[in-house]
**Q** 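Structure provided below as structure tokens; questions to follow.
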Amino acid sequence: MSGDLTVNLGERSYAISFGENLSDAIRHAVERFTANGRRVAVLTDTNFATLQAGALAAMFGPTPVLTVAAGEGTKSLEGLGQVLDFLAQQKLDRGGVLFAVGGGVMGDLGGFAAATWLRGIEFYQVPTTLLAMVDSSVGGKTGINIRAGKNLVGAFHQPRGVYISTQLLTTLPPREFAAGMAEVIKYGLLGDAELLAQLERDPLRPESPKIAETVRRCCATKARFVEADERETAPEGGRALLNLGHTFGHAIENVAGYGEYLHGEAVAIGLTAAARLSQKLGYIDSSDVTRVEAVVAVHALPTRLRAPLAFADLHAAMTRDKKVRAGGLRFVVLKQLGEAITQDGVALDLVEASFRDVGAH
Ligand SMILES: NC(=O)c1ccc[n+]([C@@H]2O[C@H](COP(=O)([O-])OP(=O)(O)OC[C@H]3O[C@@H](n4cnc5c(N)ncnc54)[C@H](O)[C@@H]3O)[C@@H](O)[C@H]2O)c1
């Protein structure tokens, strides 16, 4: 795996650094900040702090660390309050720096706290789940959930840098690894046919030597889409293509109850539903759908709902989804495997039939 990647966003550009173990680089960065009189704080969750206590110490030494409860529930107003209170206690001024260490929950929460504390301070992402490494740590979307829905409150706030140490994945539970693979497969389907073929030939496992290279490849794809359409305002295509499978997936998460499916598991079912929809729209054929299902299944992910959900509920959830609300019945579909497009005006009966194909009733 060679060198850093740059996310080119003018004055908001930043580097994504890759390595087996970037503890030294992170510690040196922290030391430079403190030597310059800047206060540094770290946010992480209980699982990471317990399972990777050594790595945390190697990265941050005596830097103050706030450890919050693990899980989606912390991406909340209460969780945000905890982080902001901590930043206040630690007296971070506008030159302060926050490191968000953990999965997507820590990145989204920490990033949003950094966006709002004193109207915005610098923050760094240290992703520790596969999902966060390939997806949530890059691109600057930060936010929390409120009762009305997931990710409804947030800000675009780009990190100043991302440090990806793939060695941190060694303690990740297999189910979480698989959930991250849903996003990896997503990149293959939406814009990297070669990656897709590689995953079909040689499924990616936690111990695979290809992990580092694959993570970098996914970040490069994400960076390309973010650079072209940072705030997802392109009238078609653009950053929205990164949501392949997510309109279906978000509805599944919402109706099943958060926690029933991991985000990546819901996205996996969403990818197969999106493939079905793409077939119904005449873009791909049944052998392509079979390929999508096979690559999802071989990575220990569900292709169908574990228990049926009512389409009426899924539809209601979709209409509450901010992405759908903004654009009517717009879906990301596959023009071919390796190329996604946005499709407006999708007929509701095709959406319903696609949901039924993956087990809705
Ligand atoms: N901002 C974005 O662009 C973006 C993109 C995709 C997803 N997300 C968000 O990301 C979140 C999901 O992220 P996630 O799947 O990383 O969830 P997560 O942060 O909850 O992490 C999953 C689990 O793994 C544990 N964990 C983290 N690192 C570990 C390690 N190295 N070893 C052992 N356990 C570890 C965590 O404690 C947690 O229990 C969702 O809230 C989703 O909305 C954001």
Side-chain angles (χ1 to χ4, degrees), residues 7 21 43-56 59 67-76 79 100-112 114-115 123 125-146 149-159 162-184 186-187 206 211 215 218-219 222-223 225-226 230-232 239-240 242-246 249-250 253-254 258-259 261-268 270 301 321-323:
V7 185
N21 179 350
L43 170 69
T44 194
D45 75 14
T46 44
N47 289 340
F48 187 80
T50 311
L51 294 166
Q52 292 278 5
L56 204 55
M59 291 187 276
T67 304
V68 293
E72 190 73 29
T74 302
K75 228 179 89 173
S76 60
V101 183
V105 168
M106 290 301 98
D108 283 11
L109 174 68
F112 188 49
F123 89 110
Q125 292 267 17
V126 183
T128 67
T129 63
L130 180 59
L131 183 138
M133 288 182 187
V134 298
D135 194 350
S136 61
S137 66
V138 175
K141 282 192 181 177
T142 72
I144 57 169
N145 311 319
I146 56 169
K150 219 173 119 89
N151 298 331
L152 285 181
V153 178
F156 284 100
H157 189 52
Q158 297 291 345
V162 183
Y163 291 95
I164 301 186
S165 294
T166 45
Q167 206 179 62
L168 297 176
L169 294 175
T170 49
T171 50
L172 194 67
R175 190 175 166 198
E176 295 290 350
F177 181 87
M181 280 308 303
E183 305 287 359
V184 175
K186 176 193 82 174
Y187 288 115
I211 290 274
V215 167
C218 292
C219 287
K222 176 142 188 187
F225 282 95
V226 170
E230 185 182 0
R231 294 195 166 221
E232 207 170 313
R239 186 171 180 163
L242 296 170
N243 296 321
L244 178 67
H246 282 61
H250 284 160
E253 277 183 281
N254 184 284
Y258 291 102
Y261 291 91
L262 295 181
H263 175 69
E265 292 169 345
V267 168
L301 286 163
D321 189 321
K322 64 182 182 308
K323 303 222 166 78

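Read the numbers this way: they start at 1 and go in the same order the structure lists the ligands and their atoms. The residues of the chain are indexed from 1 along the displayed sequence.
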**Q** Taking the side chain from Asn243 and the backbone from His246, do they hold a donor-acceptor pair closer than 3.5 Å?
**A**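 Checked: no pair found.
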**Q** Nearest 0.5 Å, please: how far is CE in Met133 from CG in Leu168?
**A**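 Spacing of CG (Leu168) from CE (Met133) equals 5.5 Å.
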**Q** Would you confirm whether Lys75, through its side chain, and Asn145, through its main-chain N or O, come within 3.5 Å as a donor-acceptor pair?
**A** no
**Q** Using heavy atoms and a cut-off under 4.0 Å, could you grab the residues that are in contact with ligand 1, chain by chain, numbers ascending?
**A** Asp45, Asn47, Phe48, Leu51, Ala70, Glu72, Lys75, Gly103, Gly104, Val105, Asp108, Thr128, Thr129, Leu131, Asp135, Ser136, Lys141, Lys150, Asn151, Leu168, Thr171, Leu172, Pro173, Glu176, Lys222
**Q** Under a 3.5 Å distance rule, please check whether Thr44 uses its side chain to pair with a backbone N or O of Gly102 as donor and acceptor.
**A** no
**Q** Under a 4.5 Å cut-off applied to non-hydrogen side-chain atoms, are Gln125 and Met106 in contact?
**A** no
**Q** Kindly write out the residues that satisfy ring-ring contact (aromatic ring centres under 6.0 Å, His included) with Phe123, not counting sequence neighbours, or none if the list is empty.
**A** His157
